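The residues of the chain are indexed from 1 along the displayed sequence. These numbers come from a predicted model, not from an experiment.
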Amino acid sequence: MGHGKPGQRQVLESVYSVIALFFILVACVELCDAATVVDVYRLIQYDMSGAQFGSRLANLNHHAGSLHSPPGSDLSRTVLIIPLRELNITFVREYITQKQPLGGLLILLPQMFSPENRETAKSSRETDGEDVLKNVLAELENLLTHSKIPYPVYFAFEDDDIEAVLADVKRNDATGQPATATTGGYKLVVSVPEPKKRASPTITNIQGWLSGLKTDGDTNQLPTIAIVASYDTFGAAPSLSVGSDSNGSGVVALLEIARLFSVLYSNPKTRGRYNLLFGLTSGGPYNYNGTNKWLRSFDQRLRESVDYAICLNSIGSWDKELWVHVSKPPENAYIKQIFEGFSDVAEELGITVGLKHKKINISNPRVAWEHEQFSRLRVTAATLSELSAAPELLESTGSLHDGRQFVNETAIIKSVKLVAESLARHIYGHKGKNIQIFAENSSLAVNPSYIKSWLDLLSQTPRVAPFLSKNDPFILALKKELEDHTDEVNVQHEVLDGVFTFYDSTRASLNIYQVASVTFDLLLLLVLGSYLIVLFSFLVITTRGLDDLISLFRRPPSRKVKTA
């Protein structure tokens, strides 16, 4: 009684095997045929004063579609794959502004925009087509970062795998057979945890100090000149925002100026009677929040000792003309001194420097340029930039289109010569004299290799402040570099003002599956089911006989209840 018949056991084992096989095959029907895995970068998600911007979702699990989808198609469960080369900005703008439903958006960027792309600047003829793409990307970024988008938006770079997938998707869409659960096609899947707020994001300011030479009996504090550059970025995708020009070029120039003056100041005979203060500030895109906190940390004596500050911003892609932006009127003695010093050197270098005066609106907390944070604290300052007008908030702050190939180290070298030479002539009293302190082929010459290596590093390093930790390797590298060239380095950690809130989940892996249609699935299951029934019947007949098979389907006799 305790042991079943051998035949019965064999049937049961066979049935279990068949059932297991059935479930394995059913599970494989939908999930088989993974086409490829692609690195993708999510559109930034942030809040500003409580208002929501950027992509509000991260998970993706929809079929792929293209711009070739039939007009009027329901795209609420479709991820549109749009190459930047084919982008119709009007179509995207209408979709976003009219809040039309969409499953998701995947923008394919040319490899030229990848931080891994180490190409340097090309001739104007070669960059004509690239400039068009750059302008399209700039317009797209502006649209995406200033809109609230209720679906996932990702960026990826063109490669053979994803282009083959897109070609298939386009072919199906063009024949009027867009991918759906019924027709099959490609499914795009991103599985990541729900984005969480970045709690109390840190901004880090780094300050280097070169002490001037005091003469015997001189008890007064020496005057100070500050050279400042904001190093962090903001762009449509935090993991790709390297900001080669804005403001990688300013950072590189500051480091080279610090290196040049460290040579002069290392010898008491050539040390100037000015202190030099070098400031690498964070929070630049967010109203120069870090600069404001850095300046407020100065004691009054230091702040009053600053003759003037020169802020460097976007000086890596100009040709003939730079601009000096100021808040104080051009008649101001310090402003005249700064501008005339630049103009004299610029003339010798064969370039033009223009002056732009813009008053500060004290009632408006928004600052257009970094020097305005100094001006608000009554410190004379100016910003040197290739930009003739201040960008809007969160624009031109290291976007996706601000890559290495659009920056020319020759422009940075000229900017360094302009600033260093005019500063040195002021410090050493050579104003108006045609004396080259940083002459080529001398020990004080600007070093193109140094500039190129730092520019390359910055062009591969995303620097969106809320995603940089206090001990990020890049911040430590900047600190070490200033330590090599200045006497004293201080690092200041502050919390970014609460006006801005950022969310994590900035990059992910996109799995692309080729899935069969439901019709095919049903047909396969029908064939499979028929096969299993035949197999089951055969096993029962061969082990227990036809009668037992028939008895399985026969109704059991009803039991009569015995009455007492």
Side-chain angles (χ1 to χ4, degrees), residues 41-49 51-56 107 109 113 115 134 137-149 153 155 195 197-198 201-205 229-251 280-293 311-314 316 365-370 373 383 385 387 390-403 406-407 458-469 472 474-475 494-507:
Y41 308 88
R42 191 166 79 101
L43 173 66
I44 196 160
Q45 178 180 352
Y46 70 102
D47 304 337
M48 185 165 59
S49 300
Q52 298 181 337
F53 295 96
S55 174
R56 311 308 297 183
I107 307 292
L109 303 175
F113 292 110
K134 180 183 177 184
L137 183 54
E139 196 174 351
L140 175 67
E141 279 192 87
N142 195 27
L143 171 66
L144 294 176
T145 52
H146 292 86
S147 305
K148 177 186 174 183
I149 303 176
V153 179
F155 297 92
K197 290 180 182 180
R198 302 282 297 177
T202 304
I203 50 177
T204 302
N205 299 315
S230 177
Y231 67 81
D232 62 326
T233 58
F234 173 93
S239 295
L240 298 174
S241 300
V242 297
S244 297
D245 194 11
S246 177
N247 188 30
S249 60
V251 172
L280 289 166
T281 58
S282 184
Y286 322 112
N287 219 34
Y288 296 100
N289 190 230
T291 312
N292 179 38
K293 290 181 174 174
C311 304
L312 306 173
N313 183 311
S314 303
R366 158 95 169 107
V367 296
W369 295 106
E370 187 165 21
Q373 292 289 19
T383 295
S385 178
L387 305 173
E392 293 299 315
L393 184 66
L394 301 180
E395 289 181 24
S396 296
T397 49
S399 310
L400 299 186
H401 60 274
D402 186 359
F406 296 108
V407 178
L458 283 152
S459 299
Q460 294 165 41
T461 310
R463 304 182 300 285
V464 179
F467 302 97
L468 288 176
S469 68
D472 188 273
F474 176 73
I475 289 175
E494 294 283 350
V495 175
L496 182 65
D497 272 358
V499 172
F500 293 92
T501 304
F502 291 86
Y503 295 77
D504 59 14
S505 193
T506 60
R507 61 183 299 167

Which pair of non-hydrogen atoms, one from [X] and one from [Y], has the smallest distance, and what is that distance?
| X | Y | value |
| --- | --- | --- |
| Leu393 | His146 | O-NE2, 3.7 Å |
| Gly283 | Asp232 | N-OD2, 2.8 Å |
| Tyr288 | Gln373 | O-NE2, 3.3 Å |
| Ser314 | Ser246 | OG-CB, 3.4 Å |
| Arg366 | Pro391 | NH2-O, 2.8 Å |

Next item on the list: Please identify each residue that fulfils ring pair (Phe, Tyr, Trp, His ring centres under 6.0 Å) with Phe467, with sequence neighbours left out.
Entry: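 Here no residue qualifies.
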Check: Which residues pass the ring pair (Phe, Tyr, Trp, His ring centres under 6.0 Å) test with Tyr46, sequence neighbours left out?
Finding: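 Only Phe53, Phe234 meet the ring pair (Phe, Tyr, Trp, His ring centres under 6.0 Å) criterion with Tyr46.
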Next item on the list: Taking only Lys NZ, Arg NE, NH1 and NH2, and the carboxylate oxygens of Asp or Glu, determine whether Arg56 and Asp47 approach each other closer than 4.0 Å.
Entry: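 Answer for the salt bridge query: yes.
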So, the side chain of [X] versus the backbone of [Y]: is there a donor-acceptor pair under 3.5 Å, distance only?
| X | Y | value |
| --- | --- | --- |
| Glu141 | Leu400 | yes |
| Thr145 | Ala236 | no |
| Thr233 | Ser241 | yes |
| Arg198 | Thr501 | no |

Next item on the list: Using the test salt bridge (Lys or Arg N to Asp or Glu O under 4.0 Å), find all partners of Glu139 that sit at least two apart in sequence or belong to another chain.
Entry: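 Residues passing salt bridge (Lys or Arg N to Asp or Glu O under 4.0 Å) with Glu139: Arg93.
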Notebook entry, point to check: What residues, two or more places apart in sequence or in another chain, satisfy salt bridge (Lys or Arg N to Asp or Glu O under 4.0 Å) together with Asp497?
Noted result: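 Expected list: Lys293.
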Could you tell me if the side chain of [Y] sits less than 4.5 Å from the side chain of [X], heavy atoms only?
| X | Y | answer |
| --- | --- | --- |
| Phe502 | Pro238 | no |
| Leu458 | Arg463 | yes |
| Trp369 | Leu387 | yes |
| Leu468 | Thr204 | no |
| Tyr231 | Val251 | yes |

Check: Applying the side-chain contact (heavy atoms from CB on, under 4.5 Å) test to Asp402, which of Asn247, Leu137, Thr397, Asp245 qualifies?
Finding: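 Looking at Asn247, Leu137, Thr397, Asp245, the match for Asp402 under the side-chain contact (heavy atoms from CB on, under 4.5 Å) is Asp245.
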Checklist line | side chain to side chain contact (heavy atoms under 4.5 Å, CB included) partners of Val495, counting only residues at least two apart | finding: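 In terms of side chain to side chain contact (heavy atoms under 4.5 Å, CB included), with neighbours along the sequence ignored, Val495 is linked to Ser200.
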Check: For Pro201, what residues pass the side chain to side chain contact (heavy atoms under 4.5 Å, CB included) criterion, not counting sequence neighbours?
Finding: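 Pro201 satisfies side chain to side chain contact (heavy atoms under 4.5 Å, CB included) with Pro466, Leu496 only.
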Next item on the list: Verify whether one side chain among Thr506 and Ser239 offers a donor that lies under 3.5 Å from an acceptor in the other.
Entry: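 Yes.
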